[in-house]
*Asks:* 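Here it is: the structure, laid out below.
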Protein chains: 2
Amino acid sequence: MKLNEGIEWAIHCCSILASLPEDAALPARRLAEFFDLPEHYLAKHLQALSQAGLVNSAKGPGGGYRLSRPAANITVLDIVLAIDGTEPHFQCTEIRRKGPSGVDPACYSKPCGIARAMWRAEKAWRDELASISLKEITDIGMQETPSLQIEKSMEWFGNVLK
Amino acid sequence: MKLNEGIEWAIHCCSILASLPEDAALPARRLAEFFDLPEHYLAKHLQALSQAGLVNSAKGPGGGYRLSRPAANITVLDIVLAIDGTEPHFQCTEIRRKGPSGVDPACYSKPCGIARAMWRAEKAWRDELASISLKEITDIGMQETPSLQIEKSMEWFGNVLK
DNA sequence: ATAATAACGGATATATAATATCCGTAAATA
DNA sequence: TATTTACGGATATTATATATCCGTTATTAT
Ligand code: SF4
Ligand code: SF4
């Protein structure tokens with residue numbers, strides 16, 4: 001199993017949007033350019049973020065994407081669920097009901113211990129992701145990104161945001 | 001993203017093996033029959049369990065699979081990693097290095113905050129799975145499985161183990 | 001010995017999902 | 001009016017998961 005690659009893209013994009021001036025927006029084309037990603041496919045992911053309400057979108061010249069709320073109020077889990085969907089990774093197919101020892105489905109009132117264990121682990125995963133805000137991500141990024149790259153980025157922003 | 005369906009199969013199979021008499025073994029064919037699963041594909045997963053050292057296998061008549069150690073010493077994580085592989089779900093593709101602001105790769109000494117956050121969440125997931133032993137799974141199963149199904153299973157075991 | 005059972009590994013086929021592109025439409029700006 | 005951009009649907013491509021098949025080897029029973 002591999003996590004959707006778009007998750008990495010989306011978190012990076014949100015992190016960039018978080019460091020934008022208040023009234024600025026970046027179109028998909030620009031974000032794709034910044035990270036050297038396939039433009040149209042990234043656009044799909046950005047639309048998913050939009051549908052999840054994490055970003056606001058504006059059409060037309062000067063339009064694009066911006067965060068819909070402060071980065072401190074967006075968690076990494078929000079972004080992950082927006083891209084990956086909210087379905088649990090572990091899907092129960094009820095094999096306990098089948099085969100020669102299976103009995104009437106009505107006898108199984110709740111998910112078995114296996115499913116519950118898997119879902120508990122998934123909850124631990126989500127809880128951890130929910131404990132990290134986009135603001136923390138960007139703060140860490142600011143601290144750890146090589147200063148040369150920060151300079152280059154700022155210059156690029158300057159050009160792109162007119 | 002969806003977890004490998006074989007994970008559910010494998011945990012169920014291990015649970016069955018855990019409740020077998022000390023010297024008994026079940027061949028893949030029988031396990032597939034018990035859960036109404038595709039025989040050859042299940043066999044692949046069982047071989048993975050074997051390679052991971054969780055079960056011992058014996059060829060020839062009377063052969064098959066049995067647990068390699070007490071169920072209390074096998075965790076759900078052991079089984080999950082045996083089937084799903086040990087690679088982290090989140091794969092870092094280093095997009096921060098690309099695009100117009102990327103700098104010399106040598107400048108990036110360690111994974112960025114995003115990757116670290118994703119991996120921390122994955123660790124929480126694994127820790128939770130590691131905290132549950134196969135014995136706990138089977139104990140819960142024994143308590144919660146409808147008594148009629150337990151009876152049917154016992155009868156089936158009796159016939160199959162000769 | 002011979003036949004039957006069963007694991008094992010490799011090769012292959014099929015189905016599903018992830019990745020990626022394309023196009024037409026609608027909205028906003030200049 | 002022309003340009004920019006988001007959006008949704010359709011489609012193509014690639015990778016992975018699912019499933020089967022086969023030949024080999026080891027083991028047991030006859
Ligand atoms: S509830 Fe248990 S038996 Fe049913 S599908 Fe889920 S894991 Fe399998
Ligand atoms: S380290 Fe950060 S930038 Fe590099 S691939 Fe991982 S998530 Fe992306």
Side-chain angles (χ1 to χ4, degrees), chain A residues 1-10 13 17 23-33 35-66 68 80 82-85 87 89-91 93 95 160-162, chain B residues 1-10 13 17 23-33 35-66 68 80 82-85 87 89-91 93 95 160-162:
Chain A
M1 188 191 58
K2 223 187 61 182
L3 266 176
N4 195 318
E5 207 178 335
I7 289 175
E8 180 189 344
W9 301 359
C13 286
L17 295 183
D23 56 344
L26 274 184
R29 167 154 172 7
R30 291 303 186 182
L31 285 165
E33 186 186 343
F35 291 117
D36 193 22
L37 296 173
E39 176 183 337
H40 298 284
Y41 190 30
L42 176 63
K44 283 272 184 269
H45 291 314
L46 294 172
Q47 284 169 30
L49 294 178
S50 175
Q51 285 195 315
L54 302 182
V55 301
N56 290 331
S57 63
K59 297 178 182 178
Y65 295 95
R66 75 189 67 193
S68 67
V80 168
I83 302 297
D84 201 41
E87 286 285 297
H89 296 157
F90 181 81
Q91 304 275 358
T93 61
I95 70 174
V160 159
L161 297 174
K162 188 188 29 317
Chain B
M1 188 191 59
K2 223 188 62 183
L3 266 175
N4 194 318
E5 207 178 335
I7 288 175
E8 180 188 343
W9 301 359
C13 286
L17 295 182
D23 56 344
L26 275 184
R29 170 163 169 0
R30 291 303 186 182
L31 285 166
E33 187 185 343
F35 291 115
D36 193 22
L37 296 175
E39 176 183 337
H40 293 101
Y41 190 31
L42 176 64
K44 284 273 184 269
H45 290 313
L46 293 172
Q47 284 169 30
L49 294 178
S50 176
Q51 286 195 314
L54 302 182
V55 302
N56 290 330
S57 62
K59 297 179 181 177
Y65 295 95
R66 74 190 66 192
S68 67
V80 168
I83 302 297
D84 202 42
E87 285 285 297
H89 296 158
F90 180 80
Q91 305 274 1
T93 61
I95 70 173
V160 160
L161 298 173
K162 187 181 35 311

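Below, chain A is the first sequence line, B the second, and so on; all start at residue 1. For clarity, every value in this text was computed on a predicted model and none was experimentally measured.
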*Asks:* Are D84(B) and L3(B) close enough that some pair of their side-chain heavy atoms sits under 4.5 Å apart?
*Replies:*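 With C-beta onward as the side chain, the pair touches.
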*Asks:* At under 4.0 Å, does any side-chain N or O of S50(A) touch on OP1 or OP2 of dC7(D)?
*Replies:*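 Yes, such a contact exists.
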*Asks:* Over how many whole Å does the gap from L49(B) atom CG to dA7(C) atom C1' extend?
*Replies:*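 It works out to 13 Å between those atoms.
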*Asks:* I need the CD-C1' distance between Q91(B) and dA18(C), as an integer number of Å.
*Replies:*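 Nearest whole value for this atom pair: 14 Å.
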*Asks:* Send over the distance from Q47(B) CD to dT18(D) C1', rounded to a whole Å.
*Replies:*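 Atom-to-atom, Q47(B) to dT18(D), this comes out as 15 Å.
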*Asks:* I83(A) has an atom CD1; how far is it from atom P of dA18(C), in whole Å?
*Replies:*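 After rounding, the reported distance stands at 12 Å.
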*Asks:* Once you round it to whole Å, what is the distance between C1' of dA17(D) and NE2 of H89(B)?
*Replies:*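 So the two atoms are 14 Å apart, to the nearest Å.
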*Asks:* Encode nucleotides 19-30 of chain C as B, S and - characters from 5' to 3', where the letter depends on protein heavy atoms closer than 4.0 Å: B to the base, S only to sugar-phosphate, - to neither.
*Replies:* BBB-----BBB-
*Asks:* Holding to ring pair (Phe, Tyr, Trp, His ring centres under 6.0 Å), I want the full list of residues that pass it with H45(A), two or more places apart in sequence or in another chain.
*Replies:*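 Only W9(A), Y41(A) meet the ring pair (Phe, Tyr, Trp, His ring centres under 6.0 Å) criterion with H45(A).
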*Asks:* For L37(A) and dA18(C), give me the distance from atom CG to atom P, rounded to whole Å.
*Replies:*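 So the CG-P distance, L37(A) to dA18(C), works out to 18 Å.
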*Asks:* Is any side-chain heavy atom of Q51(B) less than 4.5 Å from a side-chain heavy atom of Q47(B)?
*Replies:*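 No; the side chains remain at least 4.5 Å from each other.
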*Asks:* Would you indicate what A43(B) reaches in the nucleic acid, counting non-hydrogen atoms under 4.0 angstrom: base, sugar-phosphate, or nothing?
*Replies:*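 It contacts nothing in the nucleic acid.
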*Asks:* Work out which heavy atom in L17(B) is nearest to a heavy atom in V55(B); give both atom names and the distance.
*Replies:*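 Reported closest heavy-atom pair: CD1-CG1, 4.0 Å.
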*Asks:* If we only count heavy atoms from C-beta on, is the D36(B) to I95(A) side-chain gap below 4.5 Å?
*Replies:*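 They are not in side-chain contact.
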*Asks:* Phosphate oxygens OP1/OP2 of dG9(C): is one of them under 4.0 Å from a side-chain N or O of Q51(B)?
*Replies:*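 Answer yes for this pair, as a side-chain N or O of Q51(B) is under 4.0 Å from OP1 or OP2.
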